[in-house]
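Below: the structure, in structure tokens.
Residue numbers run from 1 in the order of the sequence given.
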Amino acid sequence: MSTFAKPENALKRAEELITVGQKQEALQALHDLITSRRYRAWQKTLERIMFKYVELCVDMRRGRFAKDGLIQYRIVCQQVNINSLEEVIKHFMHLATERAELARSQAQALEEALDVEDLEADKRPEDLMLSYVSGEKGKDRSDRELVTPWFKFLWETYRTVLEILRNNSKLEGLYAMTAHRAFQFCKQYKRTTEFRRLCEIIRNHLANLNKYRDQRDRPDLSAPESLQLYLDTRFEQLRVATELELWQEAFRSIEDIHGLMCLVKKTPKASLMVVYYAKLTEIFWISSSHLYHAYAWLKLFSLQKSFNKNLSQKDLQLIASSVVLAALSVPPYDYSHGVSHLELEHEKERNLKVASLIGFDVEPRSDGKEVLSRTGLLTELVSKGVMSCVTQEVKDLYHLLEHEFIPLDLAPKVQPLLVKISKLGGKLSSASSLPEIQMSQYVPALEKLATLRLLQQVSQVYQTMKIENLSKMISFFNFAVVEKIFVDAIKHNFIAMKVDHMKGAVFFGRQNLESDGLRDHLALFAESLSKARVMIYPPLKKEQKLGDTVSGLAETVQKEHKRLLARKSIIEKRKEEQERQLLEMEREEESKRLKLQKITEEAEQRRLASECEQRKNQRILKEIEERELEEARALQLETEKRSKKKGKKPVLGEKITKQTLMELALSEQLRERQEMEKKLQRLAKTMDYLERAKREEAAPLVEAAYQKRLVEEADIHEREEQQEIELSRQRHAGDLEEKRRLGRMLENKQIFQERVVSFREAEFNRLRMERRDRINQIIQTRKQEREIQRKMIYYLRSEEERLRRLHEEEEARKHEEAERRRQEEAEHKAKLDEVAEKQRQRDRELEEKDKKWREEVFGKSTAMAPGPADPPAVARPSEPAPTVPAAAAAPSSGKYVPRFKRQQAEGAELAPPPETDKWGGGSRMDDRTTQPNDKWRDDRRPSYGGGASRSTWSSSRNRER
């Protein structure tokens with residue numbers, strides 16, 4: 001960081017660096033000087049330094065350096081000379097604008113050069129790739145590189161200046177001028193993204209102004225000059241937003257203006273309010289909010305009629321006609337039909353907000369109707385006398401659409417009026433702030449309204465109508481458009497109708513429920529018929545009438561009974577619905593109560609926390625006061641010692657605080673500084689006197705020395721001129737002699753030149769042929785390599801394809817083999833299950849035979865020798881049957897038997913072990929018999945010829961397995 005004794009030295013150093021082309025070092029030197037704490041007192045030299053500094057920043061497009069420097073300079077001259085800061089900022093903006101315009105004038109295609117979405121965005125990846133790939137840059141990209149950086153810098157300049165000047169009461173005018181210039185920049189070059197950011201910046205500045213009310217040098221919005229500047233800025237923002245067709249930003253600008261009006265509790269001038277409502281009409285018309293558009297026109301009409309004294313009758317008629325046509329363009333049905341309660345609340349809040357923007361004093365009404373409505377608007381038009389100012393065509397159209405009932409002749413009468421109205425309009429001569437009025441913009445909405453009125457009136461007269469007849473009656477649109485219109489009307493419960501395209505007819509009225517108008521017509525028709533019947537057929541005698549009454553009494557009683565039952569059910573349903581609503585209300589009240597209780601508890605917690613925080617702050621403040629009191633006492637002692645050393649009377653007092661002592665010290669330092677400045681001024685004056693005296697004495701001597709030097713230099717010049725002439729003559733003569741000497745060798749030189757040229761030409765041709773042959777050889781070699789590579793790739797791909805096919809075939813074969821094995825196993829298992837079932841059947845038969853044999857044997861033995869002793873051994877009627885080995889019994893259970901077990905079973909067929917019970921016991925008898933008896937019975941069990949065949953089959957089956 002460079003340090004300079006005086007600011008002038010830094011300026012000289014910067015100029016020297018600029019002269020040698022080192023602008024970055026010069027900028028850094030000036031930046032170090034401006035941000036240094038040594039030069040915080042304003043002087044004229046600092047202003048010249050700032051001019052040079054901003055010039056360097058603009059030349060090098062260093063926006064951040066410019067911002068830092070201007071912030072530091074604002075700190076320096078805020079309280080001393082604020083006009084200097086204003087001049088520097090104006091010079092800065094002038095330089096940036098001038099350089100941007102110069103770059104723009106150098107570019108040939110401005111639209112292409114400025115085709116950037118965001119001036120603050122970096123380059124896109126595709127632009128970088130294009131700049132690296134393409135060898136030559138086109139004119140469009142050269143224009144982009146020339147113009148866009150300067151416009152980026154100009155935009156950054158506007159942002160920097162607005163940030164520096166924000167919320168400064170001494171520079172409000174410059175702030176407003178900068179905002180206007182930034183708006184014009186966005187408007188001129190169609191910078192929509194930058195305009196949105198600019199609006200947000202200005203909006204944040206105003207929010208911070210209201211947030212920090214104790215800020216130093218804060219603008220006072222209650223002052224008329226400050227308020228007018230802020231309003232002018234917002235109205236300029238509104239104008240530019242509408243010209244750029246940024247309708248959302250325009251509406252936000254309207255909200256800013258309204259918020260500013262509410263903040264200061266003042267109404268702007270009538271001329272500004274005319275612009276306000278004129279822009280509101282445009283915004284609401286673009287957003288298809290026809291009701292709000294009509295209310296804005298009504299307010300605009302009232303303003304023009306009240307404050308514009310130069311308003312002509314023709315202009316008043318045009319404005320009044322616009323108001324009425326805008327009111328008629330509002331759809332006649334209610335958009336709140338069928339929507340939820342939440343949506344209704346949102347719509348109500350929106351209406352209240354828009355009504356406050358338009359300027360109506362709206363209070364919440366008890367009847368629950370809409371604040372802004374079409375009916376109320378038309379009533380207000382009549383009450384305020386707007387209808388008396390409109391043209392005759394508009395008045396006739398109003399009566400046709402709102403008061404007449406002519407369903408068959410409505411469209412033919414409305415059509416010529418709309419043609420005449422579409423030709424009305426033009427620029428107002430006595431209201432320059434209003435836009436050009438075009439009545440033709442209301443024609444589509446009026447045609448739609450006429451169609452709705454025609455459908456509404458036709459639905460009250462007709463019940464069914466052909467589509468062809470209805471299309472002929474409505475000459476504005478084709479039937480497809482008419483169908484869209486009445487679908488929207490049906491959706492909002494304006495009319496009730498349906499279209500049957502198969503029958504080619506339109507049916508009016510709701511199913512199972514007559515409309516109000518039709519019900520009234522039928523009631524009147526019934527009364528008329530009743531009167532005619534009485535006139536045609538006079539009433540009979542009283543006896544006959546009584547007989548008729550008695551005869552029809554039973555039917556009447558039954559009908560009345562049914563009606564009462566239906567009414568009772570309806571009453572019950574209503575009671576249930578009412579109870580359900582009461583329960584819902586109770587639940588809602590309970591939830592509200594819990595919510596309120598929770599809010600109360602949270603508020604109590606916050607209160608306790610705030611009280612705790614307050615006590616903590618009080619304790620801290622008390623400690624700070626005690627510390628300051630101790631510091632004040634120490635400063636008092638130090639001041640007394642210093643005043644004793646200087647021989648002055650010390651300041652005494654027990655109530656002297658730290659602030660008082662600091663003020664005394666500052667006043668003492670200021671007095672000493674003033675004395676030093678006076679001494680320096682006297683010394684400077686003495687030095688000026690001495691320097692002036694020396695220069696007065698030296699002036700004659702300097703003049704004499706100057707004259708003497710002139711004479712000497714004239715003599716020296718003459719001598720040097722003669723010497724130069726003589727040398728030139730000698731040089732010319734030598735050159736002529738050299739030319740004659742070299743002229744004899746001219747022919748030899750040409751011969752040598754031709755020989756060298758021919759040799760070099762032959763060498764060049766030889767090298768060119770060699771290079772061509774070498775290139776052809778390289779090309780052939782590379783072709784062969786590519787051919788080999790293609791063949792290798794083809795071979796590898798073919799081999800991969802072959803291997804893939806082989807792999808797929810192998811997988812298919814394995815899959816088929818596995819499937820075949822599964823099928824064989826399933827068939828084998830089914831056979832085994834069948835054989836096992838047959839075996840179990842034979843076992844059951846054997847058990848039955850065995851049981852019968854036991855009963856016979858034991859019955860006989862009991863009859864012959866009853867007693868506690870064991871029964872004697874009785875021989876079986878047949879030899880004992882061989883038991884089935886384990887290996888033979890295995891197939892009945894469907895289990896696998898190893899080969900060695902099957903061999904053991906085949907070897908043990910001649911001497912089988914005793915057969916065991918299939919439930920795992922040692923006997924087939926009852927558990928109450930003893931073990932010896934069981935063994936005796938098992939040894940002597942007769943065989944019925946089934947065991948041998950069963951064991952033989954089991955062995956053969958095991959061998960097969």
Side-chain angles (χ1 to χ4, degrees), residues 332-334 337 375 378 396 398-414 449-475 479 482-483 485-486 489-490 492-571 573-574:
Y333 38 75
D334 185 10
H337 177 73
T375 307
L378 294 175
D396 295 341
Y398 172 76
H399 284 291
L400 281 174
L401 295 177
E402 297 297 327
H403 300 293
E404 296 291 339
F405 187 84
I406 46 174
L408 298 179
D409 299 333
L410 183 62
K413 289 185 178 181
V414 169
L449 176 65
T451 304
L452 289 172
R453 289 300 185 196
L454 191 146
L455 291 172
Q456 184 185 25
Q457 295 176 11
V458 167
S459 66
Q460 296 178 6
V461 177
Y462 295 96
Q463 187 175 5
T464 306
M465 179 179 285
K466 290 185 178 180
I467 294 177
E468 297 176 359
N469 297 335
L470 186 61
S471 300
K472 291 178 182 178
M473 291 174 62
I474 303 173
S475 59
F479 189 72
V482 174
E483 194 169 4
I485 291 173
F486 68 66
I490 292 169
H492 296 98
N493 200 27
F494 182 67
I495 56 176
M497 59 185 296
K498 67 177 182 177
V499 180
D500 193 341
H501 288 281
M502 295 181 66
K503 297 180 180 179
V506 179
F507 299 94
F508 297 99
R510 300 182 181 88
Q511 294 181 352
N512 301 326
L513 184 63
E514 297 175 345
S515 62
D516 296 337
L518 186 58
R519 185 169 63 245
D520 295 339
H521 282 292
L522 291 178
L524 295 174
F525 184 64
E527 291 177 1
S528 301
L529 287 178
S530 178
K531 292 178 181 178
R533 181 179 177 279
V534 170
M535 292 174 65
I536 295 171
Y537 300 104
L540 299 177
K541 295 180 180 180
K542 187 174 182 182
E543 292 80 3
Q544 186 177 0
K545 185 177 179 181
L546 181 60
D548 295 339
T549 304
V550 172
S551 63
L553 184 61
E555 185 179 357
T556 305
V557 169
Q558 187 177 1
K559 290 182 180 178
E560 187 67 19
H561 180 64
K562 290 181 180 179
R563 189 182 65 81
L564 290 175
L565 289 177
R567 183 171 179 271
K568 183 179 179 181
S569 63
I570 292 171
I571 292 172
K573 289 181 181 179
R574 288 180 180 175

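- Nearest approach of A566 to S569, heavy atoms of both residues: O-OG, 2.6 Å.
- Residue H501 places its NE2 atom among more than 12 non-hydrogen atoms of other residues, nucleotides or ligands, all under 6.0 Å distant.
- With rounding to the nearest 0.5 angstrom, the OG1 atom of T451 is 11.0 Å from the CE atom of M473.
- Scanning for salt bridge (Lys or Arg N to Asp or Glu O under 4.0 Å) contacts around K559 gives E555, with sequence neighbours left out.
- Taken from CD1 in I474 to CD1 in I485, the straight-line distance is 7.5 Å, to the nearest 0.5 Å.
- With sequence neighbours excluded, the residues that form a side-chain contact (heavy atoms from CB on, under 4.5 Å) with Q558 are K562.
- Among pairs with a residue in residues 450-460, those fulfilling salt bridge (charged side-chain N to carboxylate O under 4.0 Å, His left out) read E402-R453, at least two apart in sequence or across chains.
- Interatomic distance, CG of D409 versus CD of Q457, reported as 10.5 Å (0.5 Å rounding).
- Counted within 6.0 Å of CZ on F479, heavy atoms from surrounding residues, nucleotides or ligands total more than 12; the atom is thus considered enclosed.
- Here I570 pairs with R574 under the side-chain contact (heavy atoms from CB on, under 4.5 Å) rule; sequence neighbours left out.
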Let me have the donor-acceptor pairs involving side chains of residues 464-471, under 3.5 Å, with sequence neighbours excluded, atom names and distances please.
residue, atom, partner, partner atom, Å
S471, OG, I467, O, 2.9

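- Of the candidates L455, V506, L452, L455 is the only one forming a side chain to side chain contact (heavy atoms under 4.5 Å, CB included) with F486.
- Considering all non-hydrogen atoms of both residues, Q456 and I495 come closest at CA-CG2, 3.9 Å.
- Taken to the nearest 0.5 Å, the NZ atom of K413 stands 12.0 Å off from the CG atom of L401.
- Of all heavy-atom pairs spanning L454 and L410, the tightest one is N-CD2, 3.6 Å.
- Partners of H403 under the ring pair (Phe, Tyr, Trp, His ring centres under 6.0 Å) rule, at least two apart in sequence or in another chain, are Y398, H399.
- When all heavy atoms of V414 and A450 are compared, the closest pair comes out as CG1-CB, 4.1 Å.
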